[in-house]
Colleague: 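A single structure is presented below for examination.
Sequence positions, counted from 1, serve as the residue numbers for this chain. Remember, predicted model here, so these are calculated numbers, not experimental data.
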Amino acid sequence: MKRSKKTIHIKYQFIKKNFIVLFCSFVLPTLALGIILVFLSWQKTSTEIQKRTENTLSLASGYLDGLHNNNQTVGLYLENSSLILGLNRMMSFKDISYTESVILKQFSLFINSVTNSSQNIDSLYIYIPNSLNRAYTSGRQFIFLNTLSDNEWVDRLTGLEHDVAIELRRKKEYSFESPKQVLSIYNRFHMYAGGWVMNYSLSNITDYYDSLLSFQDQSIYLLDQEGNLLLQCNNGNDQVSPDTIQFLNKPGQERILLHNIPYIIKTAEYEPYQIKIITLLPQSTLYTTALENAYHMILLLCLILIIIIIMAYVLSLNSYHQLHQVMEWFDQAEHHQALIPPGNKDMYSQILQNIIRIFLENDYLQVQLSERKYRQKAAELQALQYQINPHFLFNTLQTIHYEILEITNGQQSKANFMIEWLSDLLRFALGSPDSKVTLQQEIDNCMKYIQIQQERYDNTFNVDWRIPPSLISLEVPRLILQPMIENSIVHGLKYKKNGKIRIQVIRKDTYVVFMIVDNGCGMAPDKLRKLKEELETMHSECISEHIGLQNCNDRLVLAYSEESRVHVWSWEGRGMGGWFRVTGL
C-alpha cells in the first residue's frame, strides 16, 4: 500500500509539473498584460474624474459669476447721486411730486426687469437711513420697516465693515407665509449711507448645483470668508455637522476622513465674495468607477485565463495519459487484481506489461521473504520463552526470600517485599497472553511494579490514580498499562526529583480512554517524531529504546483496531504523556 501511494504521488507530481510549465508559459504573460491594461485604465479613470471634478468647480464658480453680474448691474444703476437723493427724499416724505412719481415708476420698472430676469433672484431691498424708517422692496416698493416681517437685514446692512458681504438666512416677508432660505448679498453705497440687498432663492441655486454632481455621493459646499456654511449639495443627505465644517476649513488638504470614510477634496476660491467652493468625492467612487470602466476588460481577461487553464490541464492529461495508465497497472498489481489490458497493442505497452510482470514476481518474492523472517523471529522468541522454566524462577526467588529471613531473624525487610512483588509480576506476565484480566488486576500488578521502582529510585516520584470505581471490573488485555508506566519512569522521572505520574481512565460514549502523563524531562522534538513514526509501523525491525511501548501499541492494534493505537505527546523539560482508547468495553 505504501508503494502504491508513492507511485500515485509521483504520477501527480509529473502532471503538476507539466501543468505549471504550461501555466507559466501562457497564463502569467496574459495576467501581466491584463494587470498593465487595468492599471492604465485606472490611471485614465483617475484623470477623467479629476478633470470632471475641476470642471464642476469651474461651473460652480461660473454660476456665482452670474449672481455677481446681476448684483453689479443693480449697483451701477443705483450708484447715481441724483437717483440716491431722489430715493432718499421719497423715503423721508409721505407725499411725492409728479416728477418723483414718474421717476419712481421708471425705477420700479427697472427693478422688476432685473428681478424677473432670473429665477434665482427672490427679491431686492434698498435702504437709506431716513426719519420715517422706510425701505424699498422689489415686491411692495416703499414700506415701513415695522410692517415688514423680514427686517433684520437692515441691522446687518448698516453694520457692514466691508463693501460687500454674503449670508445664508431665513426670509419671511409676510407674517402668514412660511420662512424660506435665501442667499443674501449685502452691498454698501460708496458715497452715501445705506445700500441694497440682493436675495437669491437657495432652492434654485441648490437645484443647479445638484445638476453639477457627476458621481454618486459627490458633494458641493460653499463657505463664506468666516468659514460658515452657505450651501450644501450632497444628494439629499443630512445636514453637515460642525466638526465636518471645521475639517472643510482646513487649507491644503487633498484627502479628508469624514465618519471613517475617506474623501477626495478639491477646492476653489471665488474672489468677489471670498467664497470657498469645495467638492467632496468618496475615494470608493474612484475604485467603483475604475472597476466599471475596466469591467469588460477584466471579464475578457478572466475568460482568456479560464480557457488557458483548461487547455493547460487538458494538455497535461494528454501528455501523461500513458503514465497514468502505468501507475494504475502498478496499483492493480500490488493489490493482486486482474490487470486491464491496454487499449493500444503497441510495443510500448508490451514493454510496460513485461515490467509489471517482473514487478509482480519481485513483489511476491519480497512477501515470501518477509513471512519467513517473521516466522523465524517468532520461533526464536518462542524457543527463548521455552528455555525459561517458570517453576525454577519461582523456587529460586522463594529460596532467596527464606535466606534473607534467616539473616534478618525472621523480620521482613524491603528485599523480602521486593522479591514477593517480583514473583507476582513474573507470574502475571507469564500468564496466557490471549487471556484478559480485570482492570483491578492490571492496577494491582502495576502498583507492585511501581513499588519496586520506587525502592530503586528512593521514592523520588509519586503516582496519582484517577480511576472511577465503576470501571475497575472492566476486562482488558494484560500488561497494557505497565509498559507505558515503565516508559514514564525510565525515560522521564529517572533523573528528576519530585516526579509525578498521573494515571487516568475516562469513559466516553462508546469507548474508554486510558491516559498516563508525567512531569519528567520530556523528549526532544526529533526524538518524539521518531517515536511517533515507530508507533505507526507495526512489527518494526529496528531496535528501539521504547520497545515496551511499541509492543503495547502493536498488541492494542491487533486486539482491537487502528483506533486503539497509542498516541504520545511531549514538552521537552516539562513532561510527556500517552493515551489510547478501547471500544466495546
Side-chain angles (χ1 to χ4, degrees), residues 53-54 56-68 70-71 120-123 125 150 152-153 155-157 159-172 178-187 197-283 285:
T53 304
E54 293 174 353
T56 299
L57 292 176
S58 178
L59 292 175
S61 180
Y63 186 80
L64 292 178
D65 280 335
L67 303 183
H68 180 59
N70 291 331
N71 192 50
N120 298 323
I121 300 177
D122 178 82
S123 58
Y125 295 159
D150 181 29
E152 74 275 2
W153 57 272
D155 295 332
R156 178 66 189 274
L157 179 63
L160 285 180
E161 297 180 359
H162 304 282
D163 292 337
V164 180
I166 189 167
E167 180 185 35
L168 176 64
R169 66 189 187 90
R170 300 177 70 86
K171 173 180 172 292
K172 184 178 181 182
S178 300
K180 57 182 176 180
Q181 286 188 317
V182 294
L183 200 62
S184 298
I185 301 178
Y186 299 88
N187 302 268
V197 180
M198 292 288 292
N199 297 313
Y200 294 92
S201 173
L202 184 67
S203 60
N204 292 339
I205 300 175
T206 303
D207 291 341
Y208 176 79
Y209 279 138
D210 281 336
S211 65
L212 299 180
L213 299 178
S214 304
F215 304 98
Q216 185 178 4
D217 297 330
Q218 185 181 9
S219 304
I220 296 179
Y221 301 91
L222 297 184
L223 304 179
D224 62 14
Q225 60 181 351
E226 296 177 359
N228 298 318
L229 181 66
L230 298 177
L231 178 144
Q232 70 166 9
C233 297
N234 50 1
N235 293 332
N237 293 334
D238 295 333
Q239 295 291 329
V240 294
S241 63
D243 293 337
T244 302
I245 297 177
Q246 184 178 1
F247 276 117
L248 295 178
N249 278 298
K250 292 182 180 179
Q253 297 185 98
E254 295 183 356
R255 295 289 188 274
I256 187 173
L257 188 66
L258 299 177
H259 308 295
N260 295 324
I261 300 176
Y263 286 85
I264 301 172
I265 181 171
K266 294 290 183 180
T267 60
E269 297 285 343
Y270 187 73
E271 293 295 337
Y273 299 138
Q274 296 183 356
I275 294 177
K276 187 176 183 181
I277 308 173
I278 300 173
T279 177
L280 292 182
L281 182 65
Q283 195 165 346
T285 303

Colleague: Is the distance between the ring centroids of Y186 and W153 under 6.0 Å?
Modeller: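 No: the rings miss the under 6.0 Å criterion.
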Colleague: So, taking the atom named OH in Y125 and the one named NZ in K171, what distance separates them when rounded to the nearest 0.5 Å?
Modeller: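 If I round to the nearest 0.5 Å, the distance is 4.0 Å.
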Colleague: First locate atom CG of L157, then atom CD of E167, and finally report the distance between them rounded to the nearest 0.5 Å.
Modeller: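 Separation between the atoms: 11.0 Å.
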Colleague: Once salt bridge (Lys or Arg N to Asp or Glu O under 4.0 Å) is applied, do any residues pair with D163, and if so which ones, sequence neighbours excluded?
Modeller: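 With sequence neighbours excluded, D163 shows a salt bridge (Lys or Arg N to Asp or Glu O under 4.0 Å) to R188, given in chain and number order.
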Colleague: Step by step, would you call E269 with Q274 a side-chain contact (heavy atoms from CB on, under 4.5 Å)?
Modeller: CA-CA 7 Å; E269 297 285 343; Q274 296 183 356; 5.8 Å; no
Colleague: Residues in side chain to side chain donor-acceptor pair (under 3.5 Å) with S203, at least two apart?
Modeller: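 Checked S203 against side chain to side chain donor-acceptor pair (under 3.5 Å); matches are S201.
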Colleague: By side chain to side chain donor-acceptor pair (under 3.5 Å), which residues pair with Y270, not counting sequence neighbours?
Modeller: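 Testing Y270 for side chain to side chain donor-acceptor pair (under 3.5 Å), a comparison that skips the adjacent residues, returns D65.
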Colleague: Can I get a per-line list of side-chain donor-acceptor pairs under 3.5 Å for residues 276-283, giving both atom names and the distance, sequence neighbours left out?
Modeller:
residue : atom : partner : partner atom : Å
K276    : NZ   : L248    : O            : 3.2
T279    : OG1  : Q218    : NE2          : 3.1
T279    : OG1  : S219    : O            : 3.2
Q283    : NE2  : Y287    : OH           : 3.0

Colleague: Of all the heavy-atom pairs spanning L230 and L168, show the shortest one and how long it is.
Modeller: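 Smallest heavy-atom distance, with atoms named: O-CD2, 3.1 Å.
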Colleague: Supply the atom-to-atom distance L213 CG to T53 OG1, rounded to the nearest 0.5 angstrom.
Modeller: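 If I round to the nearest 0.5 Å, the distance is 10.5 Å.
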Colleague: Among residues at least two apart in sequence or on other chains, which ones pass side chain to side chain donor-acceptor pair (under 3.5 Å) with S184?
Modeller: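 Expected list: R169, N199.
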Colleague: Is it the case that N120 and Y208 place a side-chain donor and acceptor less than 3.5 Å from each other?
Modeller: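 There is no such pair between these side chains.
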Colleague: Could you check E152 against D150 for side-chain contact (heavy atoms from CB on, under 4.5 Å), going step by step and ending with a plain yes or no?
Modeller: CA-CA 6 Å; E152 74 275 2; D150 181 29; 3.2 Å; yes
Colleague: Determine the minimum heavy-atom distance between Y200 and I185, stating which atoms define it.
Modeller: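 Result for this residue pair: CE1-CD1, 3.5 Å.
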Colleague: So, are K180 and D122 salt-bridged, with charged N and O less than 4.0 Å apart?
Modeller: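 Salt bridge present between K180 and D122.
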Colleague: Could you walk me through whether L231 and Y221 pass the side-chain contact (heavy atoms from CB on, under 4.5 Å) check?
Modeller: CA-CA 6 Å; L231 178 144; Y221 301 91; over 6 Å; no
Colleague: Looking only at non-hydrogen atoms, find the nearest pair between Y209 and C233 and report the distance.
Modeller: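 The pair with the smallest heavy-atom distance is CB-SG, 3.4 Å.
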Colleague: Quick one: does S61's side chain have a donor or acceptor within less than 3.5 Å of a partner on L57's backbone?
Modeller: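 It does not hold such a pair.
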Colleague: Could you tell me the separation between the OG atom of S178 and the CZ atom of R170, rounded to the nearest 0.5 Å?
Modeller: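 It comes to 9.0 Å.
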Colleague: To the nearest 0.5 Å, what is the distance between CE on M198 and CG on N187?
Modeller: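 Answer rounded to 0.5 Å: 8.5 Å.
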Colleague: Answer with yes or no whether the side chains of Y273 and D224 bring together a donor and an acceptor at under 3.5 Å.
Modeller: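 Short answer, no.
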Colleague: For K266, what residues pass the side chain to side chain donor-acceptor pair (under 3.5 Å) criterion, not counting sequence neighbours?
Modeller: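 Listed in chain order: nothing, the list is empty.
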Colleague: What's the separation between atom CG in L222 and atom CD1 in I220, rounded to the nearest 0.5 Å?
Modeller: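 The distance works out to 8.0 Å.
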